[in-house]
Every structure is written in C-alpha cells, then in structure tokens.
Q: 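Dumping the structure here so I can ask a few things about it.
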Amino acid sequence: MLTDRGVFMERVFFSRFFKYMDEIARLGSIRQAADKLHVSASAIDKQLLKAEEDLGLQLFERHPRGVRLTSAGELLMYRMREWQKDMRAVGAEIEELKGLRRGEVRIAVPQETVVSFLPQALSAFLRDNPKINITVQTVDSEQVRQMVIDGEVDFGLTFSPRPLPGVLILRELAFKIFALTPADGTTRKSISLERFFARPILMPDGTSHLRDILDIAAARAGVDFKLGLTSNNLELLRQLVREGSGHSVILACPATFSGPGEGLTALPLRGAGVSDLDLSLIAARDRSAGLAAVVAMRHFEGFIDTISGTT
C-alpha cells in the first residue's frame, strides 16, 4: 500500500509537474518557465508549494534573481530525468517490436536441427518479423557453446551434454535417434541393432554426438559393423542411404518430424545402449542481448514450449 509520500511521488512522475519543475530548474525562474510553457506563473507556483508541502522538503531556494534547486530538489530532478530517459528507451524498444526498425540476430546450430525442427521454428518468426535479419551458422554442438560465450552469436542450440558452464539453458527439448534406411515397402515400426548394423554404416564424423552413440550401441550389443563412409555432411549421408549404399542415423524431434523424404524410412532403433539426446537453447550468462535477439529467443522458447506440451 502506498504511503502519502508514495502517492505524491507517483503523481509527480506521471503528471505535468515534472515538466514544470524541469523548466524551472533549467531557467532558474518560475516566471520564465511559465512563459515558455504558456501557463500562469501563479498556477506553477501553487503546484510547487503544494509539492513541497506534501514532501515536507523544500525543492527550490528562492532568491531575488530567481530560484535554485536544493539538494532534495536536485535528487528528485536527477531521478525524474533518469526515469524520462528510461521511458524513452522503452519507447524505442516498443517501436522496434512493432517492426519499425531493423534488427540483426545471429544463431549457431548443429546440423541435426536442420532436418525439420529449425525450419519450422524459424518460418513463423520470419513471417512475423520481416525486418529482422537472421544469420544461422551450422557448426558442431561443442562449438555452439563457445560461440555463445565469445559473443560470436546471440544464442544457440546444442546437443552437448550438461553441465554447460558459462551459458544459461533457456529450454530443453527431447530429440529421438532414428535409423535411416532405404524405403523397402515394409511396415516395420522399429529396427533392431543387429539388422541395422547388417548393412555398411554411413557414419557421421566425430563432430556429431551421433558417432559416439552408434559406437557405444554397437559395443554394448557386441555387434561388429562395416564402416562404409564417414562424413560431417549429414545431407550427403542421407542421399547415399537413398541410393542404397548403407544405413545411417538422424536426430529428430518427434513433434516436428514429418519423415525423412522420398525413398527413405526412419525407424526407431531397438536395443540396449541407444540413448536419445536433449536439445538445449542456450544464451550467454553475463551478457545482455539486443532487442531483436531477445524477441527471437522468446520466440524459440514459445515454440519449444508449444511442441513439448508445456503451455
């Protein structure tokens, strides 16, 4: 509950009195301030006397040549001018939110998010914010965190396991590992590790956590497999699977995954040692983001909340 003095302060900050007091302080004269503001000097003087009475403090010293702020008046004026600057900054940010200004947002993501998650997350944002320019860099998950810490990007997506020192985890989303095989017309719901490893494996390289997961799964299942090809380009691996060169894997969020494409089948891997991964939306812990980046991060947070069913 506001005290009488609190009510007065609220009235000062949200009334014309601030303008009166500011002009008096600038000009050092009630009459000159009244002339500039086209208000009677007596009306301003009455408001000033009422304010001093309500506060129990003298805001101006009167002298023959005009008026001068007291220490209390200087403090109040400083606070009111700071508040005015803050309000101007808020107004500028609101204008940006309305799309009246351009913004730049830099994002780092691993390749695995490009299958279906990232296009769906970005499409609505680009439609609603046509004047914000997005730059997306595709790097390995470990590099994402460092780029966020170093300020090379505004925020990132990573599959790196927790903990993630130096960054804030804003949201997490479960991704599932699917075996990528040529379409053969069958209606299987999953595929065993033995059947998966029966064909040459088109393996993501060490920049992807998928490589570690497949190596661990094969070791736990006691399965030897033939390595057909290793690449850091997941799209190349996908095309080679379509050509019948072997099997591979993809990571996808079940809520956004619409299938691997024509000529391909994506099946859950069945067997011990197959661990799904969590995607983390991360931002720098000790650095403020620009408005456009904040808007983009809030969009990603809302998108993840929606598809994960937390809203």
Side-chain angles (χ1 to χ4, degrees), residues 1-106 129 131-132 148-151 153-155 165-170 282-298 301:
M1 184 174 179
L2 287 175
T3 63
D4 291 342
R5 186 164 296 179
V7 170
F8 166 74
M9 294 304 295
E10 187 179 67
R11 178 165 58 82
V12 165
F13 279 85
F14 294 94
S15 74
R16 283 179 290 182
F17 178 75
F18 167 66
K19 185 182 292 186
Y20 296 163
M21 187 173 173
D22 191 38
E23 285 301 329
I24 295 170
R26 290 178 192 279
L27 298 173
S29 167
I30 293 175
R31 182 163 297 281
Q32 289 182 37
D35 291 342
K36 184 170 183 180
L37 296 169
H38 306 290
V39 180
S40 70
S42 62
I44 292 180
D45 195 41
K46 284 179 182 178
Q47 286 212 29
L48 178 56
L49 291 171
K50 180 67 166 60
E52 290 178 328
E53 181 184 346
D54 289 342
L55 278 173
L57 293 168
Q58 188 176 353
L59 299 176
F60 287 93
E61 295 176 353
R62 273 79 169 173
H63 55 85
R65 295 184 180 180
V67 295
R68 183 174 58 210
L69 284 169
T70 63
S71 296
E74 288 178 355
L75 176 61
L76 180 61
M77 181 56 59
Y78 171 77
R79 292 301 183 190
M80 288 197 296
R81 285 173 177 167
E82 287 296 305
W83 174 82
Q84 190 178 54
K85 285 193 293 186
D86 290 343
M87 290 304 295
R88 282 198 295 267
V90 169
E93 291 184 351
I94 289 173
E95 291 300 301
E96 290 185 26
L97 280 172
K98 289 164 62 178
L100 300 180
R101 296 185 181 179
R102 292 188 177 275
E104 300 283 338
V105 180
R106 303 159 301 161
N129 302 274
K131 292 187 178 181
I132 293 181
V148 170
I149 291 173
D150 292 342
V153 294
D154 297 300
F155 62 94
V167 298
L168 293 171
I169 299 175
L170 303 175
I282 61 172
R285 181 177 295 279
D286 300 317
R287 187 177 62 254
S288 297
L291 179 66
V294 170
V295 172
M297 282 189 282
R298 296 296 175 266
E301 288 174 349

Q: Is the shortest side-chain N to carboxylate O distance from E301 to R298 below 4.0 Å?
A: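 Here E301 pairs with R298 in a salt bridge, since their nearest N and O are under 4.0 Å apart.
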Q: Do the side chains of I30 and Y20 get nearer than 4.5 Å, heavy atoms only?
A: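 Not in contact.
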Q: To check you understand the geometry: which heavy-atom pair defines the closest contact between A292 and G103, and what is its length?
A: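 In this case the closest contact between A292 and G103 is CB-CA, 3.9 Å.
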Q: State, with a plain yes or no, whether a side-chain heavy atom of D22 is found less than 4.5 Å away from one of R81.
A: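 A side-chain contact exists here, since the closest heavy-atom pair is under 4.5 Å.
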Q: In the structure I gave you, are the side-chain heavy atoms of V67 and R62 within less than 4.5 Å of one another anywhere?
A: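 Yes; the side chains approach each other to less than 4.5 Å.
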Q: Is any side-chain heavy atom of R79 less than 4.5 Å from a side-chain heavy atom of L75?
A: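 In contact.
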Q: Has R287 got a side-chain atom pairing as donor or acceptor with V148's backbone, closer than 3.5 angstrom?
A: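 Here the side-chain-to-backbone pair exists.
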Q: Specify the closest pair of heavy atoms between A296 and V105, including all atoms of both residues, with the distance to one decimal.
A: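 Closest heavy-atom pair between A296 and V105: CB-CG1, 3.9 Å.
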Q: Between R106 and A293, is there a donor-acceptor pair closer than 3.5 Å when you use the side chain of the first and the backbone of the second?
A: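 Not at all, since once roles are kept as given, no pair shorter than 3.5 Å links the two residues.
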Q: Per the side chain to side chain contact (heavy atoms under 4.5 Å, CB included) rule, which among L69, L59, L37, I44 passes with I24?
A: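 Of all the options given, the one that passes is I44.
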Q: Roughly how far apart are L48 CG and Q58 CD, rounded to 0.5 Å?
A: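 Nearest 0.5 Å value for the CG-CD distance: 9.0 Å.
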Q: Identify the heavy atoms of A284 and L168 that sit nearest to each other, and give their distance.
A: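 What the structure gives for the nearest pair is O-CD1, 4.0 Å.
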Q: So does R31 pair up with D35, basic N to acidic O under 4.0 Å?
A: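 Here R31 does not pair with D35 in a salt bridge, since their nearest N and O are not under 4.0 Å apart.
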Q: To the nearest 0.5 Å, what is the distance between CD on E23 and CD on Q32?
A: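 The CD atom of E23 sits 10.5 Å away from the CD atom of Q32.
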Q: Any side chain to side chain donor-acceptor pair (under 3.5 Å) involving residues 64-78? Give me the pairs, sequence neighbours left out, ordered by first then second residue.
A: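 Those involving residues 64-78 are E61-R68.
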Q: For residues A34 and S40, report the shortest heavy-atom separation together with the two atoms involved.
A: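 Shortest heavy-atom contact: CB-C, 3.9 Å.
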Q: When rounded to the nearest 0.5 angstrom, what is the spacing between CZ in R285 and CD1 in I169?
A: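 Between R285 CZ and I169 CD1, I get 8.5 Å after rounding to 0.5 Å.
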Q: Grab the two heavy atoms, one from L170 and one from A283, that are nearest each other, plus how far apart they are.
A: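 So the two residues come closest at CD1-CB, 4.0 Å.
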Q: For L55 and L76, run side-chain contact (heavy atoms from CB on, under 4.5 Å): C-alpha distance rounded to whole Å, both residues' side-chain angles, the deciding distance at 0.1 Å, then the answer.
A: CA-CA 11 Å; L55 278 173; L76 180 61; 4.3 Å; yes
Q: Looking at CE of M77 and CZ of R26, how far apart are the two atoms once the value is rounded to the nearest 0.5 Å?
A: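 Going from the CE atom of M77 to the CZ atom of R26 covers 8.0 Å.
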